[in-house]
Protein chains: 4
Amino acid sequence: MAATKPRTYQPEKTRASIIKAGLKLFGAKGYHGSSVGDIAKAAGITKGAYYHHFQTKEELLLLIHQEYADYQLKAMQAVLTEDDTSSEQLRALIRCIVEAVGRYRPNVTIFFQERRYLTKKYMARATAERDQLEAAFQAVIERGITSGEFRKDLDSRVTCLGIIGMCAWTYQWYSDDGRMSAIEVADNFSTLVLDGLVA
Amino acid sequence: MAATKPRTYQPEKTRASIIKAGLKLFGAKGYHGSSVGDIAKAAGITKGAYYHHFQTKEELLLLIHQEYADYQLKAMQAVLTEDDTSSEQLRALIRCIVEAVGRYRPNVTIFFQERRYLTKKYMARATAERDQLEAAFQAVIERGITSGEFRKDLDSRVTCLGIIGMCAWTYQWYSDDGRMSAIEVADNFSTLVLDGLVA
Amino acid sequence: MAATKPRTYQPEKTRASIIKAGLKLFGAKGYHGSSVGDIAKAAGITKGAYYHHFQTKEELLLLIHQEYADYQLKAMQAVLTEDDTSSEQLRALIRCIVEAVGRYRPNVTIFFQERRYLTKKYMARATAERDQLEAAFQAVIERGITSGEFRKDLDSRVTCLGIIGMCAWTYQWYSDDGRMSAIEVADNFSTLVLDGLVA
Amino acid sequence: MAATKPRTYQPEKTRASIIKAGLKLFGAKGYHGSSVGDIAKAAGITKGAYYHHFQTKEELLLLIHQEYADYQLKAMQAVLTEDDTSSEQLRALIRCIVEAVGRYRPNVTIFFQERRYLTKKYMARATAERDQLEAAFQAVIERGITSGEFRKDLDSRVTCLGIIGMCAWTYQWYSDDGRMSAIEVADNFSTLVLDGLVA
DNA sequence: AATGAATGAGGGTTCATTCAT
DNA sequence: GATGAATGAACCCTCATTCAT
């Protein structure tokens with residue numbers, strides 16, 4: 001008699017294993033390169049079970065973004081309550097973003113590359129979170145300009161998007177291989193944009 | 001005998017219309033969101049005809065990248081032959097990248113978001129081109145550091161990738177709506193990373 | 001100790017609510033258009049609970065037919081025990097069918113349209129009941145012909161199926177909206193087939 | 001070397017074989033009981049080929065209805081142009097319907113039992129055709145009543161739907177097994193509703 | 001060069017049903 | 001009696017690609 005695999009009833013564990021599998025597969029082969037079947041198999045369950053926990057494939061994609069976005073927004077709010085100089089706030093913000101991107105790199109990679117496939121309903125939620133981040137960033141820069149701490153001859157929006165780009169782009173190349181911590185990278189960026197490259 | 005309308009064969013025109021359709025559709029709905037049928041219809045031909053001009057769907061994706069990459073590399077080489085200060089060279093390089101990204105934004109968008117689906121053969125070519133760009137960039141920065149024109153306390157690789165990220169990221173937000181030219185954006189970036197934000 | 005709200009077990013009530021939900025859903029969206037999950041939700045229970053009360057989805061379909069068939073057969077038997085003229089008997093039979101179809105319209109609709117999906121076992125029971133009805137009908141007509149009350153130049157089987165069809169078809173259009181009672185419709189039919197349309 | 005089945009390029013033949021297969025399978029196992037795969041296999045093609053000829057599974061269902069409806073409406077119009085007594089017109093109409101139902105019995109069976117699953121877009125077309133048929137029928141009856149040829153004490157709508165039901169119901173039982181032609185059945189019906197059963 | 005019929009492999013999703021809890 | 005997690009088979013449909021015409 002063949003031994004039948006016993007069913008395990010641990011819904012939370014199952015959900016977690018699906019998310020983990022999604023992160024791994026989406027990260028490795030992309031959203032369209034990974035089928036729900038692939039994900040289910042990697043999670044050690046059946047396709048049917050996947051659909052017991054998620055409504056659609058897309059829902060998993062959004063969840064992966066949310067995991068990062070939640071962390072990012074919370075971390076930012078913690079930084080912004082402090083009453084520092086604009087330079088210090090910007091430095092903190094840059095650290096905060098680079099660190100979050102480094103920590104959630106698979107999530108970020110997946111999201112940046114696949115977000116266009118989100119349907120409207122899901123997209124709206126994701127966009128709102130990006131907007132919050134940009135707004136916070138720009139506020140810090142404009143406060144610095146107004147207070148005279150930052151130079152006035154630069155466009156605040158362009159500067160803001162430039163710095164965010166610099167930080168976000170780390171998802172393309174940064175890996176915590178011990179050579180350099182996310183904080184070190186962030187501080188390098190901060191010096192660069194605050195004091196400039198010229199000796 | 002009635003005059004028969006002669007069928008006009010214009011292979012180059014057909015090819016061009018396919019590329020145009022690919023750019024439009026890939027840009028709007030993504031590589032996986034656009035079927036070969038969609039592309040053919042948008043190009044005013046049949047699916048069969050598509051396969052007369054391209055071997056696979058992927059080939060079109062690569063071609064779209066190449067169009068941008070070719071322009072980018074040529075523009076860069078034109079800039080680098082000049083014998084300027086490192087600051088001037090960096091400023092020129094930044095202009096060159098931002099301008100190219102602005103001009104080929106659909107191509108860039110598509111490539112950054114879909115490159116993971118390229119098969120190895122194609123991927124190799126694309127990666128080689130990216131590497132060339134990064135190498136040129138880093139060379140300029142390192143020359144500046146060596147000559148004493150740039151500060152020595154920043155990591156050249158991180159700085160290089162930071163600036164490239166800042167420039168590349170414009171594909172996410174820049175649109176030539178008249179408010180600001182690509183050159184102006186580039187110069188904003190240059191001032192930011194050369195002289196710093198602090199007043 | 002706080003008084004715990006005692007769970008009330010009312011199996012019959014649950015069964016009834018399932019049947020009610022099945023009637024509503026099958027009627028509105030068809031047998032295949034309504035999932036067991038839909039039915040359970042409409043009945044205010046879980047899918048698991050459904051399977052405590054019914055073995056399969058099909059069982060509910062049969063039960064819905066039975067509810068109507070039982071009523072129909074009983075009503076017919078009540079009518080046929082009376083010792084009237086054939087005309088009166090036919091008139092009573094027509095009333096009886098139209099009234100039953102009107103009363104159990106959802107059941108009838110469902111059954112006529114979905115019976116083909118019954119498996120053999122269930123189908124046999126359902127067919128037997130239809131046969132009984134047809135037999136009773138035909139007996140009345142043949143008795144009328146034999147006794148000379150009805151004309152002899154019509155085929156008794158065709159006539160029988162024609163009248164049954166006329167009555168059964170009301171499931172397609174009759175709704176008790178007050179404009180006309182089932183009895184009135186039935187009597188209209190009776191006059192039509194007994195006395196004819198010609199003035 | 002295995003012999004490869006050569007592709008045959010006869011689109012019309014393929015379409016016809018799909019329709020034939022659909023008629024057979026829908027008739028035997030119902031719309032929901034027959035998968036597109038089943039139909040394709042029965043038609044000797046692949047699922048992909050099915051979708052080359054039809055947009056959806058539903059489209060085949062509608063087509064099956066259309067085939068019957070087109071015939072029915074055309075036949076009716078041919079009958080109604082004649083300038084006969086109302087009795088003759090009704091008799092002709094009944095023949096026309098019974099004959100059409102007999103000829104297209106599989107189509108009719110399928111349609112009556114599955115029409116509820118048509119989506120709105122398709123349903124609208126089908127309903128319009130049913131309405132035309134009913135309207136023509138009722139017009140004949142009302143003209144007969146007005147002219148004094150038919151009795152005035154019957155509701156024209158109920159009478160109309162009753163006769164249509166009688167005719168339509170034949171799809172449930174009539175088969176041209178030689179014992180009785182559709183015309184004979186129709187004339188039996190005509191005598192029944194025109195002159196009545198009473199001797 | 002061009003067509004469009006045909007292929008065949010999957011893709012996402014649904015669903016009746018089972019079973020550990 | 002009741003729950004809901006899990007199954008597994010099927011289903012409709014899409015799509016890159018091939019090939020006879």
Side-chain angles (χ1 to χ4, degrees), chain A residues 4-15 32-40 44-60, chain B residues 7-11 14-15 32-40 45-60, chain C residues 7-11 14-15 32-40 45-60, chain D residues 4-15 32-40 44-60:
Chain A
T4 345
K5 189 168 70 164
R7 288 192 199 179
T8 62
Y9 278 81
Q10 298 168 313
E12 277 316 314
K13 222 168 166 177
T14 302
R15 250 188 99 84
H32 289 93
S34 322
S35 73
V36 172
D38 293 340
I39 294 165
I45 57 166
T46 60
K47 258 197 293 187
Y50 173 92
Y51 280 97
H52 185 66
H53 294 278
F54 293 89
Q55 304 259 8
T56 59
K57 185 185 176 188
E58 200 181 354
E59 198 179 311
L60 180 56
Chain B
R7 225 198 271 195
T8 58
Y9 288 125
Q10 299 171 308
T14 305
R15 253 186 97 83
H32 289 94
S34 320
S35 71
V36 172
D38 293 341
I39 294 164
I45 57 167
T46 62
K47 252 197 300 191
Y50 173 92
Y51 280 94
H52 264 281
H53 295 277
F54 294 90
Q55 302 266 359
T56 61
K57 186 185 177 188
E58 196 184 357
E59 198 181 314
L60 179 57
Chain C
R7 225 198 271 196
T8 58
Y9 289 125
Q10 299 172 307
T14 304
R15 253 186 97 83
H32 289 93
S34 320
S35 72
V36 172
D38 292 341
I39 294 164
I45 58 166
T46 61
K47 251 197 300 188
Y50 173 92
Y51 280 94
H52 266 282
H53 296 277
F54 295 90
Q55 302 266 0
T56 62
K57 185 184 176 188
E58 195 183 359
E59 199 181 314
L60 179 57
Chain D
T4 345
K5 189 169 72 165
R7 288 191 198 176
T8 62
Y9 278 81
Q10 298 169 312
E12 276 317 314
K13 221 169 168 176
T14 303
R15 250 188 99 83
H32 289 93
S34 320
S35 73
V36 172
D38 293 341
I39 294 165
I45 57 165
T46 61
K47 257 196 292 187
Y50 173 92
Y51 280 98
H52 185 67
H53 294 278
F54 294 89
Q55 304 259 8
T56 59
K57 184 184 175 187
E58 200 181 354
E59 197 179 312
L60 179 56

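Letters A, B, ... mirror the listed sequences (proteins, then strands); counts begin at 1. Remember, it's a predicted structure, so these values are computed and weren't measured experimentally.
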(Q) Looking at every non-hydrogen atom in both residues, tell me the closest pair between D:Lys47 and D:Ala40 and how far apart they are. (A) N-CB, 3.8 Å
Q) For D:His53 and D:Arg15, which heavy atoms make the closest approach, and how far apart are they? A) O-NH1, 3.2 Å
Q) Which whole-number value in Å describes the distance from C:Phe54 CZ to E:dT18 P? A) 16 Å
Q) Taking the side chain as C-beta and beyond, is there a heavy-atom pair between A:Pro11 and A:Thr14 under 4.5 Å? A) no
Q.
Output the rounded distance in Å from OH (C:Tyr50) to P (E:dA16).
A. 9 Å
Q: Write down the distance between CZ (B:Arg15) and P (E:dA1), rounded to a whole number of angstrom.
A: 12 Å
Q: Could you say whether D:His52 or C:Tyr51 is positioned toward the 5' end of DNA chain E, judged by the nucleotide with the nearest heavy atom to each?
A: D:His52
Q: Grab the CD-P distance between D:Glu59 and F:dC12 for me, whole Å please.
A: 15 Å
Q: Assign each of A:Thr46 and C:Thr46 to its nearest nucleotide of DNA chain F by heavy atoms, then name whichever residue's nucleotide is nearer the 5' end.
A: C:Thr46
Q) Phosphate oxygens OP1/OP2 of E:dA5: is one of them under 4.0 Å from a side-chain N or O of D:Thr14? A) no
Q) Closest heavy-atom contact between B:Tyr51 and B:Thr56? A) CE2-CA, 4.2 Å
Tabulated below should be each protein N or O lying under 3.5 Å from an N or O of nucleotides 9-11 of chain F; please produce it.
none

Q) Quick one: CD1 on A:Ile39 to NZ on A:Lys57, what's the gap to the nearest 0.5 Å? A) 6.0 Å
(Q) Expressed as a whole number of angstroms, how long is the span from B:His53:NE2 to E:dA1:C1'? (A) 7 Å
(Q) What stems show up for DNA chain F when you take Watson-Crick pairs (N1-N3 plus N6-O4 or O6-N4) and G-U wobbles (N1-O2, O6-N3), both under 3.5 Å, and require three or more consecutive pairs? (A) E:2-21 with F:2-21
Q. Counting only side-chain N and O atoms of D:Thr56, is one of them less than 4.0 Å from OP1 or OP2 of F:dC12?
A. no
Q) Given atom NZ of D:Lys13 and atom P of E:dG4, what is their separation to the nearest angstrom? A) 21 Å
**Q.** A:Gln55 backbone acceptor or donor facing A:Tyr50 side chain under 3.5 Å
**A.** no
Q: Check the distance between E:dA16's P and C:Leu60's CG and give it to me in whole angstrom.
A: 11 Å
